[in-house]
There are 2 protein chains.
Amino acid sequence: MSKDSHTEEKIKIAAKRVFIQKGFSGCTSREIAKEAGTNVALVNYYFRSKNQLFVLIYQSVTEEFLLSMVDVFSSNITLKEKINKLVDREFEFLAKHPEIPMFVINEMSRNKNAGIEPQGILSQLGRSGIFEETLEAQKNGIMRKLDLSSIIMLVMANCQHPFMARLLNQQLNNLSDEEYSAHLVKYKEVVKEMLLNYLFIQKD
Amino acid sequence: MSKDSHTEEKIKIAAKRVFIQKGFSGCTSREIAKEAGTNVALVNYYFRSKNQLFVLIYQSVTEEFLLSMVDVFSSNITLKEKINKLVDREFEFLAKHPEIPMFVINEMSRNKNAGIEPQGILSQLGRSGIFEETLEAQKNGIMRKLDLSSIIMLVMANCQHPFMARLLNQQLNNLSDEEYSAHLVKYKEVVKEMLLNYLFIQKD
DNA sequence: AGAGATTTTAAACAATTGTTTAAAACAAAA
DNA sequence: TTTTGTTTTAAACAATTGTTTAAAATCTCT
């Protein structure tokens, strides 16, 4: 029992790493097996097929990715602090898992027809009350009148893109890995200042 | 002579479409051949190998992608108008070629070791004088003091991400293709307002 | 220790991959 | 028309793919 779940878990961990880095089409079952320290047959013994293993990984990663945002909305702080915290959380999450947005988006488009969709997030977002809270803040003149989808898109773009386009940005601005990581720390504050300035009405 | 370049061109066009949509690992030589209305042998007859054809496409697409930004900087308008125009151009370009950023970034990371890099862009950016113009505007108190790399990143993130993460955004906000396209038209103005408000000091 | 189940291994499978070959079809020039 | 070079086709190649098989090894439980 300890041995079996050991191997199964090793394969899952290896598959997650390899799938995220190279995508479904960019890797082979044997590569995953080797990364897990086993052979191909065991991959299919535990997960039936490359595709079934992929779906398992994809769903958990997508959920992890989306939930890392949503739970901020449920905390008991002001809307402005929520946006602030959301940016912090996103940068923190993406510093640890920088390839996840590209992975999720790539595989979403590869499976355009098939329906491996995360269902719970939209309803969870609804239940958080963020919708009503935004409308309230806009009615009170605290927040700029903007649909929630635009707000979400602004936050996601400014948080995710620096990690998604890391190589492109490094090349365009001639930055080493270390320089870019250091740059991101300051850049996060830029993003915060810009977003909060724009989204919320300053009263002086 | 008219027949040969006809077939060669058909293959190039098909390859560009297929590579951009599915990536190098996501498609086969035979798929490209079929898309071009020919057979596999002709693909290698004209381009020697799948990889050589890919490099050809990748380089031209990357150049097209990067040059679509740079040339705005050379025009004879104020810096604020340049940013404004840049956002317009980017949204226009990306509306026509929404998959190009993902393609370029994906293949950049797949070829991390190999060096298929666009050289001319950095020097062209230098020659445009945008560097000095930015410093000047910042010295004059017109523009917020921010390194050029952060400015470029802000513009790219807010322009590219809406197209790169289209499927994700649609699902998160429950929008159809048409609704999302319509949303982008208004969203562009949001991006412009936010960027210009943040980057330039308002004097009233 | 031994029966019964589970896990691991090595080998094989058919299908698909990128690439090459050799002959056919075609075009251009004499 | 015949010759020469180019383009196209169909078939084959070896390597790699996802997947399966069947035997070996290991574990579980009495």
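Chain letters run A, B, ... following the sequence lines, proteins first, then strands; residues in each count from 1.
- Within the model, atoms OH of A/Y45 and CG of A/N39 stand 12.5 Å from one another, a figure rounded to the nearest 0.5 Å.
- Distance, A/N44 CG to C/dA14 P: 17 Å, rounded to whole Å.
- Residue contacts for A/S49: at a heavy-atom cut-off of 4.0 Å it reaches the sugar-phosphate backbone alone, with no base atom in range.
- Per the geometry, CD1 belonging to A/I32 stands 13 Å off C1' belonging to D/dT17, to the nearest Å.
- When the C1' atom of D/dT16 is taken as reference, atom NZ of B/K50 falls 13 Å away, rounded to whole Å.
- For the pair A/H6 NE2 and D/dT26 P, the interatomic distance rounds to 16 Å; values are reported in whole Å.
- The CD atom of B/E9 sits 15 Å away from the P atom of D/dT7 (whole-angstrom rounding).
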(message) Run the salt bridge (Lys or Arg N to Asp or Glu O under 4.0 Å) test on B/E136 and B/K139 for me, step by step, so that the C-alpha distance in whole Å, both residues' side-chain angles and the decisive distance to 0.1 Å come before the verdict.
(response) CA-CA 5 Å; B/E136 181 73 12; B/K139 197 168 284 176; 5.7 Å; no
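- Rounded to an integer number of Å, the gap from B/N39 CG to C/dA25 P is 15 Å.
- Atom OH of A/Y45 and atom C1' of D/dG18 are 19 Å apart (whole Å).
- If you check distances only, the side chain of A/R30 does reach the base of D/dT19 with a donor-acceptor pair under 3.5 Å.
- Listed candidates were D/dT20, D/dT19, D/dT9. Nearest to the side chain of A/A41 is D/dT20.
- Residues B/P162 and B/A157 come closest through the heavy atom pair CD-O, 3.9 Å.
- One finds a side-chain N or O of A/T7 lying less than 4.0 angstrom from the OP1 or OP2 phosphate oxygen of C/dT8.
- Using a cutoff of 4.0 Å between basic side-chain nitrogens and carboxylate oxygens, B/K10 and B/E35 are not scored as salt-bridged.
- Going from atom CD1 of A/I11 over to atom C1' of C/dT9 covers 13 Å, rounded to whole Å.
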